[in-house]
2 protein chains.
Amino acid sequence: MSRYLDARRETLPAAVTDLAEQLTEAGYKVTGPRLAVLKAATAQPGAFSVHELEQWLIAQGESPGTASIFRTVRLLCDLNLLQRIHGLDECHRYSLSKGHGHHLVCTNCGAMERFDNCGVQGLVQQLEQHTGFRISAHLIELFGLCPRCRATAA
Amino acid sequence: MSRYLDARRETLPAAVTDLAEQLTEAGYKVTGPRLAVLKAATAQPGAFSVHELEQWLIAQGESPGTASIFRTVRLLCDLNLLQRIHGLDECHRYSLSKGHGHHLVCTNCGAMERFDNCGVQGLVQQLEQHTGFRISAHLIELFGLCPRCRATAA
DNA sequence: CGCCAGATGAGACAATGTACCAGGTACCCG
DNA sequence: CGGGTACCTGGTACATTGTCTCATCTGGCG
């Protein structure tokens, strides 16, 4: 438990206090800058870049330094509270994560769908037999047009 | 055809002249710096970063500027003669490409296997139905230990 | 409440890549 | 085969995305 967190629990969205508690459980302190980053992350509509996070925080008038934002984002990634998303051109956006998951990203507007069952097990087994590799991780992202962008494009 | 290329065709590996001809066909000039980058790329054992390319060229005593190397690499990517490979941490390595392909990369030594049949069609269809997205591209990379690294690790 | 390990933040630095522009050169064409 | 020109070059400055250092501060614990 964190006294700092308890003192402002009432003023924070549940999503933020939830994440903050996981920080405490992992042995990290709950601090102003970290709460600010959590607030910013939960406030983003979809996946976000660190730059977007910083702009949002500046707009709120409570941006900690760039270094602190990057540090916090990295920490959250290490704890699997954030997930890195890779793009075809633009690498490294981030999204709040709930375990293993992949993303289907609209190349036009950035809308994002998560999917968990990536159906890659068959491929993995087949390749392990074929190549002798022991496969331990995979990176799968899909890209296309979301229904709305398809409609406006037509 | 390129006079410049023809003049030094004898002194170049076939892989380089082959790529250079594809530059010509696409309407680009064959120049010294571009040939140097092609030589460097074909000389790499596996996937490479732009930095590694530049180090190799410097070691050969014929490095064009960093800007030219990046420009050439980007051009080759645009022409699908090079393929960008995405990693979990380190993004953006490059490899000579032959069409659509994915990679199985050793997280320990960087060894790489290409595979073409990624068996993702079923997943794509299923997700298109489910989400209404029109899926046009995908990013799939697998990571693990190659046979040699598994042996030395054991 | 006071101590202190851990967190902060300003700024330097690093890696990767793009923009600009004066000067150079491969290629087309006659 | 040589000239004109569109394209290419390379050096430098700059942009983006991070990381590192270090003096200072603060949340958590006793």
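Predicted model, so just to flag it, every value in this text is computed and none were measured.
- Checking B/Arg114, B/His138, B/Glu141 one by one against B/His102, the side-chain hydrogen bond (donor to acceptor under 3.5 Å, both in side chains) holds for a single residue, B/His138.
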Quick test: give all pairs of protein nitrogen or oxygen and nucleotides 14-21 of chain C nitrogen or oxygen below 3.5 Å, distance rounded to 0.1 Å.
| residue | atom | partner | partner atom | Å |
| --- | --- | --- | --- | --- |
| C/dG17 | OP1 | B/His92 | ND1 | 2.8 |
| C/dG17 | OP1 | B/Tyr94 | OH | 3.4 |

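- Taking atom CZ on A/Phe48 and atom P on D/dT16, their separation rounds to 19 Å, with Å as the unit.
- As rounded to whole Å, 11 Å separates atom P of D/dT17 from atom CD of A/Glu54.
- End-to-end axis angle of the helix from C/dC1-D/dG30 to C/dG30-D/dC1, from C1' rotation axes over five pairs per end: 30° (rounded to 10 degrees).
- With sequence neighbours excluded, no residue forms a salt bridge (charged side-chain N to carboxylate O under 4.0 Å, His left out) with A/Glu25.
- When hydrophobic clusters are built by joining Ile, Leu, Val, Met, Phe, Trp and Tyr residues whose side-chain heavy atoms come closer than 4.5 Å, directly or via intermediates, B/Leu142 is not grouped with B/Leu145.
- In this structure, the OH atom of A/Tyr4 is 12 Å from the C1' atom of C/dA7, given to the nearest Å.
- Interface residues of residues 12-19 of chain A facing DNA chain C, ordered by number: none; criterion, heavy-atom separation under 4.0 Å.
- At whole-Å resolution of the value, CZ in A/Arg93 and C1' in D/dG18 are 16 Å apart.
- Heavy-atom distances under 4.0 Å link DNA chain D to A/Lys29, A/Val30 of residues 28-38 of chain A, given in residue order.
- Residues passing the side chain to side chain donor-acceptor pair (under 3.5 Å) test with B/Arg93, sequence neighbours excluded: B/Glu52, B/Glu90.
- Per the geometry, CG belonging to A/Asp78 stands 10 Å off P belonging to D/dT19, to the nearest Å.
- Summarising the geometry, the separation between CG on A/Asp6 and P on D/dC29 is reported as 11 Å, rounded to the nearest angstrom.
- Taking atom CD1 of residue A/Ile69 and atom P of nucleotide C/dG9, one finds them 9 Å apart after rounding to whole Å.
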